[in-house]
Amino acid sequence: MSAEPASLPARPSLSERARAPGAAPYLDTLNPEQRRAVETLDGPVLVLAGAGVGKTRVLTTRIAHLLATGRARGQEILAVTFTNKAAREMRERIEALTGIPDGLPWMGTFHSIGAKLLRRHAELVGLKPNFTILDTDDQLRLLKQLLKAENIDEKRWPARALAGAIDDWKNRGLTPADIGAREAAVFANGLGAKLYKAYQERLKTLNAVDFGDLLLESLRLLREQPEVLERYQDRFRYILVDEYQDTNVVQYLWLRLIAQKRRNLCCVGDDDQSIYGWRGAEVENILGFERDFPDATVIRLERNYRSTGHILGLASGLIAHNRKRLGKTLFTGAAAGDKPTVRGVQDSHGEAREIGDEIEAEQSRGTSLADIAILVRTSAQMRAFEERFVEIAVPYRIVGGPRFYERAEIRDALAYLRIVAQGDDDLAFERIYNTPRRGLGETTLAQLHAAGRAANASLTQTARTLIETDELKPKPRQALRDLLADFERWRGLPGSTEELARVVVEESGLVAMWKAEKTPDADGRLDNLKELVRAIGEFPTLDAFLEHVALVAEAQSEDSGPRVTMMTMHAAKGLEFDVVFLPGWEEGLFPNQRALDDNGLAGLEEERRLAYVGITRARRRIAIYFASNRQVRGLWQSSPPSRFIDELPEDHVEVAEPADPPTYGYSSRFDDAVFSGGRYETPGWKRAQAQAASPGYRRPAPPRVIEGRAVALATQASLYHLGDKVFHQKFGPGEVAVVDGPKLTIDFDKAGRKMVLDSFVSRA
DNA sequence: ACCCTCGCATTTTTT
DNA sequence: ATGCGAGGGT
C-alpha cells in the first residue's frame, strides 16, 4: 500500500456533491487509466497495478464512487484484502473520502470475513457460534497429541511438517475426503489423510477452527447451503479484491462462487509482485483472469509516482528476465535521479560497516532515519546490522520479528483469559495448567486426559470432578483445586476488561514469575504484560478482544524518534522509503538456494520478483551489496555475486568504488560445486575481481556532526553520569564508563565494553 | 517434577 | 552460532 497523499476536500460530503449534476471532483485528480479503473463498474475488471501507481487510491476512490453514485450501499460492497494493515488503511481513507464512519461492514481480510460468515452460520458447519480460532501454537500441540496417539516417530515426521501439509491441503481447497493415496503419502507413509481427518474431528469436538478453516469451512458453507450462498450472492452487488496475485485456490473458489451471480468483480494486483507462492498463492489466478472471465476489462496502471527514472529502469530491466508474466512497463515523469549502485564487500561485517557509514552520511545530508530501510532476504542477515548499529549508535527498528501476541508471556496470559471466556478451551488449559510452576506434571495431565476422554468432557470439567475424588495425590489435587477456584473467581469479577486482565496476570502468578526471573529480557516481558492489560481496555468485552487477537495479531507501534527500518523484502511489500539498502545479493542467499532446489525455474522467478519488490520500494536511492564471504550456519562460506546483479540493466547501475574490496578464494564447500561451474566468466564475477584488484579505498570521512540535532544533544547535559548502573535490553546490566552526549560507553557485566545510545538503556 | 546437557535443524510469513 | 526438543540424572 503506497502512501500517496489523499488530497481530498473534506466537505461538502461526497453524496451531496454527487447529487449536484456532473459533480464528482474526486475523479479530477486521477490520471486517465486510474479514472477508467474507478469508473468501469460493471462486469469483471482486472486492474494490473504496478508498484507505486496509486493502487490504493484507485480502490478507495472506486468504492467512494460506488457509494456516491448510489450504485451500492456500504453493506452491499464486499472488499477483501490480505492484511489487516491494508484493510485498515483502506477503511481510513474511505472514511476520509465519504465522511461516513464504519460504512463498510464487509471490508476486511479474507480470514476475518470468513470468520464473520462462520459465526453467523456456525450450526450449519457443525460449530457453535462462539468457536475458538486456534493459532499455530495450539495447532501444533494438538497435532503432537495425534501423532503420539498414532505412535508416529515425531523425529521422523515432525508435527510442523504435518501442519504444513494440512495447511497446504486447506489452501488448495481439499477436505480430508479429497486426499487420495498419492497426496496422503507426503506424510508418514500415507497416514496423512487419516491424521488430517482425525485433526478435523478433534477441532470440531473442541469447537475450534484453525486459520485454514476460516476459508475452507466458509467455502463449504457456501457450497452446501444454496440458500446461504444465494443470500450473499444477492447482497454483494460489487466485489473488490486487493493483491489478487496472492490469492490461493480456496480464496479463488470462494470469490468465484460469491461473484458468479452479479459478476461485478474487480480484482487489483500485480503479477510481478507475487512473492507468496510458497504459502499457497497461485499466480495462475491472476495470469488466468481473462480466461476465467472472457468478458473482463483489463486496465493497466503503469504510471509510477514513487521512484526516479533510474530506479524504475533498474527494476524493469531485472523483471524482464522473467518469462511468466502479463507484461507491464512502468514509466514516470520524475527525474532520472542518482544511479543505483552495486558494491562488493569482504563479508557481512564489512557490509554492515559500509551501510552504517552510508546511513550516517545520508543523515548528515538531512535524510531522516525514518526514510531509510535495509531490506534483506532472510532474517538471519539482520544480526550483523544490529551489532553494527548498536556500536555506532544508529537507532533502528526491526519490522516483523516475533509479533506481540505470539510472545510466550503474552500467550500465557491470553490462555488464562481464554479459559475465563470459555472454560472448555482445552488447549489453553494445557498451556498454563503448570505455568507458573505449581507442581502439576505429565502424570496429572495424563490422568485428566484419560478421565476426560471417558466422560467425553473438557479438561476443566474433568478436573472439577477429579478433585472431589482421591484419584490424585494430595499435592496436585490441592494445586488443581486452587487453579479452578481462580478461574471461578475471575469469571465472577465485576468491572472492566482491563481490570479483569490486571487481576488475572497478577493472581495467576505470571507477574511474580517474571519478576523472579533474572534474565535480561524479563523486564521487557513484564512491560509486555502491562501493554496487554492496556490493550484489552480498548475492547468492550473479553470476547471481542480475543477475536481481535486471533485475527489481527498486530504488533504495538510505539514511536520513539526516527529509526532505520530493517526487515525482509517480503515484509516490505506495500511500503516505500527514500533510501533502500539491499545487502546480501549472493548466489545461494539471493536467489535463495532452497527456493531454487524446491521449485526450480518457478522458484527462481519468484526470487526475481522479490528483487523487483525490493527495488521498487525506493523513492530516490538504491544501493545493492554483495559479500564474498558470509558466515552461514556457524561456517564461513564464499559465494559469487547473485545472478540478479548481472541481469541489472547497465544503463541504470553504477559499480561503486570498492570500499572494503571483496576477496574470493576462501576454501568452502562451494569451491568445487560453484566455482568450477563456469561462473568465473560472468560479468558480475569480473566486476568483483576488478574491485578486488583496485587500489585500497579511503574510508569515507566519518560523518561527524549531524545537522544541529547531534550538536544540540551533545551540549545538553546527558541523562547519565559516570558510574551509573544501567540496563540494556540486549546486553543486560552494566556501568557507565564514558559519556559522550547521547552516546554512552558501558562496561556490561556479561557483554563487556560497548558503545550504545542512551535511549537504548534504562536505569538499573 | 525439575534441571541439565546433548543433538539436530535452520527461507520467506499472514491470517 | 543458536535455539529448541528429547532424554537422562537428581
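Just so you know, these numbers come straight off a predicted model, no measurement behind them. In what follows, every chain begins at residue 1, and chains take the letters A, B, ... in the order their sequences are listed.
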Query raised in the report: Rounded to whole angstroms, how far apart are CD1 on Ile133(A) and P on dT14(B)?
Result: 17 Å
**Report entry** Non-neighbouring partners of Phe385(A) that pass ring pair (Phe, Tyr, Trp, His ring centres under 6.0 Å), sequence neighbours left out
**Finding:** none
Query raised in the report: Just how far, in rounded Å, is P of dT13(B) from OH of Tyr276(A)?
Result: 7 Å
Report summary line: Those residues at least two apart in sequence (or on a different chain) that pass salt bridge (charged side-chain N to carboxylate O under 4.0 Å, His left out) with Glu282(A) are none
Report summary line: By nearest-heavy-atom nucleotide on DNA chain B, the more 5' of Phe82(A) and Ile275(A) is Ile275(A)
Query raised in the report: Which part of the nucleic acid, if any, lies within contact of Glu606(A), taking any heavy atom under 4.0 Å across all strands shown: a base, the sugar-phosphate backbone alone, or nothing?
Result: nothing
**Report entry** Verdict with reasoning, Glu607(A) to Arg377(A), per salt bridge (Lys or Arg N to Asp or Glu O under 4.0 Å)
**Finding:** CA-CA 9 Å; Glu607(A) 293 285 299; Arg377(A) 177 61 182 83; 2.7 Å; yes
Query raised in the report: Just to confirm, is there a sub-4.0 Å distance from OP1 or OP2 of dT11(B) to any side-chain nitrogen or oxygen of Thr568(A)?
Result: no
Query raised in the report: Of all residues at least two apart in sequence or in a different chain, which pass the salt bridge (charged side-chain N to carboxylate O under 4.0 Å, His left out) check with Asp482(A)?
Result: none
Query raised in the report: Can you tell me how far C1' of dT10(B) sits from CZ of Arg594(A), to the nearest Å?
Result: 8 Å
Query raised in the report: Does dT15(B) have OP1 or OP2 sitting under 4.0 Å from an N or O in the side chain of Asn84(A)?
Result: yes
Query raised in the report: Which is it for Glu386(A) and Tyr396(A) under the side-chain hydrogen bond (donor to acceptor under 3.5 Å, both in side chains) test, yes or no, and what are the steps along the way?
Result: CA-CA 8 Å; Glu386(A) 280 200 79; Tyr396(A) 64 90; 2.7 Å; yes
Query raised in the report: From the 5' end of DNA chain C to its 3' end, which nucleotides mark the outer limits of contact with chain A, defined by a 4.0 Å heavy-atom distance cut-off (strictly under)?
Result: dA1(C) to dT2(C)
Requested in this report: Could you pull out all residues at least two apart from Phe590(A) that satisfy ring pair (Phe, Tyr, Trp, His ring centres under 6.0 Å)?
Outcome: Trp585(A), Phe644(A)
Query raised in the report: Hey, does Thr81(A) reach any base, or is it just sugar-phosphate, or nothing, if we go heavy atoms under 4.0 Å?
Result: nothing
Query - Those residues that, when tested against Asp167(A), pass salt bridge (charged side-chain N to carboxylate O under 4.0 Å, His left out) (two or more places apart) - result: none
Query raised in the report: Taking the inter-plane angle between the rings of Phe539(A) and His548(A) on a 0 to 90° scale, is it parallel (under 30°), tilted (30 to 60°) or perpendicular (over 60°)?
Result: tilted
Query raised in the report: Rounding to a whole Å, what distance do you find between Leu214(A):CG and dT14(B):P?
Result: 16 Å
Requested in this report: State whether Ser379(A) places a side-chain N or O below 4.0 Å from either non-bridging phosphate oxygen (OP1 or OP2) of dT12(B).
Outcome: yes
Hey, what are the protein-to-nucleotides 2-4 of chain B N/O distances that come in under 3.5 Å?
residue : atom : partner   : partner atom : Å
dC2(B)  : OP2  : Asn434(A) : ND2          : 3.3
dC3(B)  : OP2  : Arg437(A) : NH1          : 3.0

Query raised in the report: Should Ser112(A) be listed as having a side-chain N or O under 4.0 Å from OP1 or OP2 of dT15(B)?
Result: no
Query raised in the report: Base, sugar-phosphate, or nothing: which does Asp598(A) touch, judged by heavy atoms less than 4.0 Å apart?
Result: base
Requested in this report: Round to the nearest Å and state the distance from Asn592(A) atom CG to dT10(B) atom C1'.
Outcome: 11 Å
Query raised in the report: Base, sugar-phosphate, or nothing for Phe211(A), non-hydrogen atoms under 4.0 angstrom?
Result: base
Query raised in the report: Within the pair Thr136(A) and dT13(B), is there a side-chain N or O less than 4.0 Å away from OP1 or OP2?
Result: no
Query - Contacts of Asp271(A) that satisfy salt bridge (charged side-chain N to carboxylate O under 4.0 Å, His left out) - sequence neighbours left out - result: none
Query raised in the report: Atom CD of Gln381(A) to atom P of dT11(B): distance rounded to whole Å?
Result: 13 Å
Requested in this report: Could you check whether Trp278(A) and the base of dT12(B) form a stacked pair, meaning centres closer than 5.5 Å and planes differing by less than 30°?
Outcome: yes
Query raised in the report: With His570(A), which residues qualify under ring pair (Phe, Tyr, Trp, His ring centres under 6.0 Å), at least two apart?
Result: Tyr276(A), Trp278(A)
Query raised in the report: Any ion pair linking Arg172(A) and Asp168(A) (charged N to carboxylate O, less than 4.0 Å)?
Result: yes
**Report entry** 5'-most by nearest nucleotide on DNA chain B - Thr444(A) or Ala595(A)
**Finding:** Thr444(A)
Requested in this report: Quick one: which residue pairs count as a side-chain hydrogen bond (donor to acceptor under 3.5 Å, both in side chains) with a foot in residues 595-604 of chain A, not counting sequence neighbours?
Outcome: Gln593(A)-Asp597(A)
Query raised in the report: What is the distance, rounded to the nearest whole Å, between atom CG of Leu551(A) and atom C1' of dT15(B)?
Result: 7 Å
Report task. Rounded to the nearest angstrom, tell me the gap between atom NE2 in His111(A) and atom C1' in dT13(B). Result -> 12 Å
Report task. Under 4.0 Å from any atom of DNA chain B, heavy atoms only: list the residues of residues 158-168 of chain A that qualify, in numerical order. Result -> none
**Report entry** Set of residues satisfying side-chain hydrogen bond (donor to acceptor under 3.5 Å, both in side chains) with respect to Glu547(A), sequence neighbours excluded
**Finding:** Arg119(A)
Query raised in the report: Can you tell which of dT15(B), dT10(B), dT12(B) lies closest to the side chain of Arg633(A)?
Result: dT10(B)
